[in-house]
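Following: one structure in structure tokens, then a few remarks.
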Amino acid sequence: MSAQHLDWTCAFAARMQGRSVESSRYSARIGRIGQSFAADVKAGRLPYLTMPYRAELEKELPPILDRIRPYKHMLLLGIGGSALGARALQKAFYPAQDRPGHSGPSLWIADNIDADTLGAWMGSLEPKDTVVVVISKSGGTIETMAQYFIIRRWLKKSLGAVWKEHVILVTDTKNGELRAEAQNESLLSLPVPDNLGGRYSVLSAVGLLPAGYLGIKWRDLLEGAASTAAPLIVPESGIAKALTAHSAWSLAVWAGELIEHSYSELIFFSYIPLWNYFGAWFSQLWAESLGKEGQGSMPVPATGVTDQHSVNQMFLDGPRNKGCLFLTCDTLDKGEAFGADAPEKWNWLADKRFGDLLRAEALGTRMALHKYGVPLVNIVMQSADEYAAGKLMGLCMSATILTGLLLGINPVDQPAVELGKRLANARLGAPGLREETDSLAAFTAAGGKAEFLQEF
Ligand code: PA5
């Protein structure tokens with residue numbers, strides 16, 4: 001098969017032997033899940049799929065990209081879904097920045113609150129050469145806002161009134177402090193469309209503004225995702241048929257089977273080396289969407305071949321609790337030929353090329369995982385360009401949503417992570433958090449007793 005596809009040969013192994021997507025009890029839920037999915041599509045609750053914002057974005061983005069092209073640096077302030085997609089795209093399609101002799105535009109992604117790193121950026125970036133892009137759907141995420149307050153002061157100090165020309169805010173269309181900031185300060189802004197949560201937003205301005213700045217073919221990303229989505233955008237009457245034929249449904253059913261058979265971890269093993277940050281992007285998507293009410297499976301990103309020499313031993317012969325999404329592409333450039341000057345001991349490499357090694361190792365690892373009983377679906381990409389990446393991202397997002405629906409949980413919220421945020425805010429004295437402040441006081445008073453402390 002030459003088009004990209006899923007290879008199911010090793011999907012139902014070990015404890016799942018004899019099962020199939022068709023015979024799964026999850027497949028029997030297609031009627032109910034299909035109705036719910038189609039209703040969400042119709043009501044505009046799945047904009048990652050229907051992309052109602054696409055035409056507007058395609059109009060708005062090009063003049064902004066023209067405007068920011070002269071800047072040597074983009075400093076992106078954002079976290080979680082507001083950063084991981086951009087980083088995956090940057091690493092996949094703009095490897096130049098990590099290579100010797102780089103002189104083109106650079107993207108710096110501030111998705112952590114490390115004083116040292118922020119200080120280093122302020123010490124080495126020239127404000128006049130830098131566009132600061134602040135991305136937050138809620139417009140109130142403390143990590144992003146805190147970085148923004150400091151960077152805004154840095155810009156103002158150096159640039160005076162023109163600081164405003166160096167800032168673009170990407171945030172909710174109506175709500176949140178960043179939206180208010182855009183209005184109050186007349187700052188350039190782009191919307192994060194309604195109902196598009198962070199981890200589903202990579203193919204909106206959230207991921208495509210930084211991607212476009214780097215010269216990545218952002219329209220192809222959209223086109224690829226749209227092509228994966230199109231068969232799923234059907235009326236309720238046709239949704240069961242559409243799902244049955246769609247790989248996202250098959251993956252969701254498989255994920256349900258994995259969980260049911262106590263495969264509590266899902267490896268995302270990328271053998272497209274430049275795409276290894278897709279693993280981090282996928283992990284957030286999967287974990288934050290599905291880790292609810294004691295359910296879900298733990299995503300484990302891994303990079304082929306690097307991780308063959310680190311964690312693969314555990315994948316193969318550790319606890320039998322792992323399934324694997326294995327990502328390959330047979331059309332990657334193979335690079336240099338080894339040639340006849342290889343030492344005699346290695347002369348069997350002479351007629352091979354460097355890229356043959358990656359393919360052989362991908363095959364070897366895939367087969368070894370199978371032999372060790374790891375249920376595995378091989379995602380075979382036809383190419384590793386932007387269109388293909390859009391297809392993969394679209395597939396992963398739909399598979400995640402459908403898995404959530406199959407598990408009976410809401411895949412677009414993340415209620416549990418709010419607690420830690422509220423407690424941190426309370427610790428810093430934010431108002432309206434009396435209960436959190438009290439429980440923090442109790443927690444800190446109880447903790448740190450001498451009998452619990454061990455020096456090393
Ligand atoms: O996927 C999500 O919804 C989260 O990971 C958010 O992206 C993250 O918490 C940052 O939120 P915000 O974009 O509102 O700043």
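Read the numbers this way: they start at 1 and go in the same order the structure lists the ligands and their atoms. Numbering starts at 1 and runs along the sequence shown.
- Ring centroid separation for the pair Tyr271 and Phe326 comes in under the 6.0 Å cut-off.
- Side-chain atoms of Thr403 and Thr400 form no donor-acceptor pair, as typed in the model, at a separation below 3.5 Å.
- With respect to Asp385 and Lys217, no salt bridge is recorded, no charged nitrogen being found less than 4.0 Å from a carboxylate O.
- When each of Arg15, Arg19, Arg25 is paired with Glu257, the salt bridge (charged side-chain N to carboxylate O under 4.0 Å, His left out) condition holds for Arg19 and for no other.
- In the vicinity of Gln284, heavy-atom distances shorter than 4.0 Å reach the ligand 1 atoms 1 (O), 2 (C), 4 (C), 5 (O).
- Some N or O of Gly81 is nearer than 3.5 Å to an N or O of ligand 1, by distance alone.
- When each atom of ligand 1 is checked for a heavy atom of Gln414 under 4.0 Å away, the hits are 3 (O).
- Annotation: cation-pi geometry satisfied between Lys91 and Tyr277 (NZ/CZ under 6.0 angstrom from ring centroid, within 45° of ring axis).
- The ligand atoms of ligand 1 that sit less than 4.0 angstrom from a heavy atom of Gly198 are 1 (O), 2 (C), 3 (O), 7 (O).
- Taking 4.0 Å as the cut-off between side-chain N and carboxylate O, Arg152 and Glu181 count as a salt-bridged pair.
- Shortest contact from atom 11 (O) of ligand 1 to any protein heavy atom: Thr141 OG1, 3.4 Å.
- Between the side chains of Asp194 and Thr173, a donor-acceptor pair is found at a separation under 3.5 Å.
- Residue contacts with ligand 1: Thr144 is placed with no nitrogen or oxygen under 3.5 Å of a nitrogen or oxygen of the ligand (distance criterion only).
- Counting heavy atoms only, Glu288 comes closest to atom 4 (C) of ligand 1 of the residues Lys421, Glu418, Glu288.
- Each of the atoms 7 (O), 8 (C), 10 (C) of ligand 1 lies under 4.0 Å from some heavy atom of Ile79.
- Close approach of ligand 1 to Arg199 is summarised as follows: ligand atoms under 4.0 Å from at least one heavy atom of the residue are 1 (O), 2 (C), 3 (O).
- Contact between Glu143 and ligand 1 is absent, with no heavy atom of the residue lying under 4.0 Å from the ligand.
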